[in-house]
A.B. asks: 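One structure is given below, represented as structure tokens, and several questions about it will come after.
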Amino acid sequence: MTQEKWGQLRERLLKTVGKNNYTTWIEPMKFQELEDGVAVFSVPTNFVGNYVSQNFADLILYELNTSGEDVRRLAFRVAANSPARPAASADEADQQNEIDMLNVAPVRSASVNTPLDALQTAPLDKRFTFERFVVGKPNELAHAAARRVSEGGPVTFNPLVLYGGVGLGKTHLMHAIAWELRERQPELNVLYLSAEQFMYRFVQALRERRMMDFKHLFRSVDVLMVDDVQFIAGKDSTQEEFFHTFNALVDQNKQIIISADRAPGEIKDLEDRVKSRLQCGLVVDLHPTDYELRLGILQNKVQQHSATYPDLNIRDGVLEFLAHRISTNVRVLEGALTRLFAFASLVGREIDMELTQDCLADVLRASERKITVEEIQRKVSDYFNIRLSDIIGPKRLRSYARPRQIAMYLCKQLTSRSLPEIGRRFGGRDHTTVMHGVRRIEELKLTDGQIAEDVEMLRRALEA
Ligand SMILES: Nc1ncnc2c1ncn2[C@@H]1O[C@H](COP(=O)(O)OP(=O)(O)OP(=O)(O)O)[C@@H](O)[C@H]1O
């Protein structure tokens with residue numbers, strides 16, 4: 001296997017395990033060699049090797065094998081230059097490496113036949129608790145629903161579906177529910193996994209003719225949580241199995257919690273019967289963050305950082321500035337703050353406006369970009385292959401009117417322009433026409449999958 005191929009596989013792993021797990025566990029692994037079916041990786045510490053082996057080895061083996069490599073086992077070597085293991089000389093380092101590898105291979109390796117129930121240990125992030133989740137208007141309903149489910153009382157809504165854009169706290173809330181349930185009712189069998197892991201387990205069970213084990217495992221849980229369910233869209237047999245698992249658990253009155261990056265009705269290639277099952281329970285939306293929530297999150301994170309950097313002072317106005325300037329995605333906000341603290345501690349300065357602007361110049365520039373009405377009109381006309389003048393002009397043909405309404409809708413969503421202003425830029429139309437257009441698209445998004453997808457694609461293209 002080449003380094004390049006490992007690079008591609010890592011990209012795939014990033015999607016499966018999520019950014020946090022990826023940065024902590026997968027990124028530090030360096031591929032070294034593949035020999036006799038054993039893929040050898042160097043890792044900075046024993047701990048990383050053990051953790052990866054216990055939690056991600058199956059997944060890595062699966063990715064390697066499905067990409068055409070014949071790998072039966074993974075082995076981990078502690079890197080010679082790792083600070084945790086200083087070596088006096090190169091020889092000694094080599095020797096140490098070899099010993100490490102030979103000693104630990106049987107423990108840290110995972111065969112392709114890992115028992116299916118190994119899944120019970122799918123890792124939960126220690127930081128993703130309710131205590132650390134900041135509640136504001138955009139997420140209060142999702143938070144309240146998550147809290148209710150985490151009390152473990154009688155199942156009142158099944159499933160609970162949490163949906164929303166990237167980095168808005170879906171995974172955080174799911175982990176928080178799992179932690180809380182473990183605390184309150186340790187006897188409950190709570191299973192959290194991503195939809196991709198579900199698929200992988202299913203494929204593995206099929207391949208090894210262990211479907212009975214698979215069904216037994218998934219039907220014996222008390223609470224099932226599946227993250228990023230949109231992943232199974234278009235994967236027919238996985239959807240089918242998911243559907244049966246889902247029904248079996250609902251019949252037994254077991255709680256199911258699902259997350260998705262959009263409303264179930266808007267997930268393309270998700271079977272209608274799965275969509276309708278998901279819509280049977282409580283579907284709640286995590287809205288993009290607003291200024292107050294971003295500020296709250298920043299204040300909360302500052303408290304956490306202060307434990308690591310007790311001497312760092314942060315000047316008034318800096319957090320407000322960041323909450324104004326940085327995008328709705330909490331992950332970006334967190335990353336900015338982490339960088340700020342690390343930088344300030346390195347240079348031994350307090351965190352003031354100047355340092356913030358220096359240190360976060362790239363992040364601030366990226367979030368500076370404002371989407372304009374003209375840009376939206378241009379993108380929409382390109383997308384529907386019509387002329388810009390047809391979007392703005394008076395023609396009422398459906399083939400122009402619908403794209404025009406979509407463009408108006410996007411202007412309302414993505415710019416701060418008022419309805420009369422938008423109307424003016426669409427050939428001097430009245431604000432009631434714009435309002436009608438926006439409402440029409442809102443309705444159609446719920447009933448017409450194609451329109452929902454067109455709008456979503458355009459939104460992504462514009463925000464990219
Ligand atoms: N309300 C909040 N309070 C505190 N931290 C938050 C909040 N919302 C999100 N975060 C943090 O933002 C980061 C991203 O959140 P999370 O991984 O839950 O997002 P997600 O919605 O699952 O996104 P993705 O679809 O990309 O997986 C996490 O570190 C999480 O702790």
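Just so you know, ligand 1 is whichever comes first in the structure, and atom 1 is the first atom listed for that ligand.
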A.B. asks: Answer with side chain, backbone, both or neither: which part of Leu286 has a heavy atom less than 4.0 angstrom from an atom of ligand 1?
C.D. replies: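 Within the 4.0 Å criterion, Leu286 makes no contact with ligand 1.
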A.B. asks: Return yes or no for this condition: an N or O of Ile297 is under 3.5 Å from an N or O of ligand 1.
C.D. replies: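 Ile297 vs ligand 1: no N/O contact under 3.5 Å.
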A.B. asks: Flag the pair Lys15 and Glu196 as a salt bridge only when some basic side-chain nitrogen lies within less than 4.0 angstrom of an acidic carboxylate oxygen.
C.D. replies: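 So Lys15 does not pair with Glu196 through a salt bridge.
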A.B. asks: Taking only Lys NZ, Arg NE, NH1 and NH2, and the carboxylate oxygens of Asp or Glu, determine whether Lys5 and Glu69 approach each other closer than 4.0 Å.
C.D. replies: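 Result for this pair is yes, salt bridge flagged.
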A.B. asks: Using atom types as modelled and distance alone, determine if a side-chain donor or acceptor of Lys215 lies under 3.5 Å from a backbone N or O of Glu241.
C.D. replies: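 Such a contact is absent between Lys215 side chain and Glu241 backbone.
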A.B. asks: Please determine whether any non-hydrogen atom of Gly167 lies less than 4.0 Å from an atom of ligand 1.
C.D. replies: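 Yes, Gly167 has heavy atoms under 4.0 Å from ligand 1.
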A.B. asks: Can you report which non-hydrogen protein atom sits closest to atom 13 (C) of ligand 1, along with the distance?
C.D. replies: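 For this ligand atom, the closest protein heavy atom is Glu334 OE1, 3.7 Å.
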A.B. asks: Measure from NZ or CZ of Arg10 to the centre of the six-membered ring of Tyr22, then state whether that distance is under 6.0 Å and the direction lies within 45° of the axis.
C.D. replies: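 No.
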A.B. asks: Can you pull out the closest protein heavy atom to atom 27 (O) of ligand 1? Residue, atom name and distance to 0.1 Å, please.
C.D. replies: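 Heavy-atom neighbour on the protein nearest atom 27 (O) of ligand 1: Arg331 NH2, 3.6 Å.
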A.B. asks: Quick one: is the NZ or CZ of Lys235 closer than 6.0 Å to the six-membered ring centre of Phe231, and within 45° of its axis?
C.D. replies: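 Yes, Lys235 and Phe231 form such a contact.
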A.B. asks: Has Arg147 got its NZ or CZ under 6.0 Å from the middle of the six-membered ring of Phe130, at an angle within 45 degrees of the ring axis?
C.D. replies: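 Positive - Arg147 is close enough to the ring of Phe130 and near enough to its axis.
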A.B. asks: What protein heavy atom sits nearest atom 31 (O) of ligand 1, and how far off is it?
C.D. replies: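 Closest protein heavy atom to atom 31 (O) of ligand 1: His172 ND1, 2.7 Å.
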A.B. asks: Show which atoms of ligand 1 fall inside a sub-4.0 Å distance from at least one heavy-atom site of Val166.
C.D. replies: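 Result: 23 (O), 26 (O).
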A.B. asks: Determine, step by step, whether Glu151 and Arg184 satisfy the salt bridge (Lys or Arg N to Asp or Glu O under 4.0 Å) criterion, reporting the C-alpha distance in whole Å, the side-chain angles of both residues, the deciding distance to 0.1 Å, and the verdict.
C.D. replies: CA-CA 8 Å; Glu151 286 162 10; Arg184 286 173 183 248; 5.1 Å; no
A.B. asks: At what distance is the nearest protein heavy atom to atom 25 (O) of ligand 1, and which residue and atom is it?
C.D. replies: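 Result for atom 25 (O) of ligand 1: Lys170 NZ, 3.1 Å.
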A.B. asks: Could you tell me whether Lys301 approaches ligand 1 through its side chain, its backbone, both or neither, with non-hydrogen atoms closer than 4.0 Å?
C.D. replies: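 Only the side chain of Lys301 comes within reach of ligand 1.
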A.B. asks: Do me a favour and list the nearest non-hydrogen protein atom to atom 12 (O) of ligand 1 with residue, atom name and distance?
C.D. replies: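 Protein heavy atom with the smallest distance to atom 12 (O) of ligand 1: Val330 CG1, 3.3 Å.
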A.B. asks: According to the interplanar angle, ranging from 0 to 90°, do the rings of Phe341 and Tyr309 count as parallel (below 30°), tilted (30 to 60°) or perpendicular (above 60°)?
C.D. replies: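 Correct class here is parallel.
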A.B. asks: Would you kindly specify which portion of Lys19 sits under 4.0 Å from ligand 1, judged on non-hydrogen atoms: side chain, backbone, both or neither?
C.D. replies: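 Neither; no heavy atom under 4.0 Å.
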A.B. asks: Among protein heavy atoms, which sits nearest to atom 4 (C) of ligand 1, and what does the distance come to when rounded to 0.1 Å?
C.D. replies: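 Closest protein heavy atom to atom 4 (C) of ligand 1: Arg132 O, 3.2 Å.
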A.B. asks: From atom 3 (N) of ligand 1, work out which of Thr289, Thr129, Val134 has a heavy atom at the shortest distance.
C.D. replies: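 Considering heavy atoms of Thr289, Thr129, Val134, the nearest to atom 3 (N) of ligand 1 sits in Val134.
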A.B. asks: Using a strict cut-off of 4.0 Å, indicate which atoms of ligand 1 neighbour a heavy atom of Thr171.
C.D. replies: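 Answer, ordered by atom number: 17 (O), 18 (O), 20 (P), 22 (O), 27 (O).
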A.B. asks: Looking only at distance, does Leu168 have an N or O less than 3.5 Å from an N or O of ligand 1?
C.D. replies: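 Yes; the residue has a nitrogen or oxygen that sits under 3.5 Å from a nitrogen or oxygen of the ligand.
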A.B. asks: In ligand 1, which numbered atoms sit nearer than 4.0 Å to a non-hydrogen atom of Asn139?
C.D. replies: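 So the atoms of ligand 1 that pass are 1 (N).
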A.B. asks: So, Phe214 versus Phe198, ring centres under 6.0 angstrom or not?
C.D. replies: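 Judged by ring-centre distance (under 6.0 Å), Phe214 and Phe198 do meet the cut-off.
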A.B. asks: Is His244 atom NE2 crowded by more than 12 heavy atoms from other residues, nucleotides or ligands, each under 6.0 Å away?
C.D. replies: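 For His244, atom NE2 is crowded (more than 12 foreign heavy atoms under 6.0 Å).
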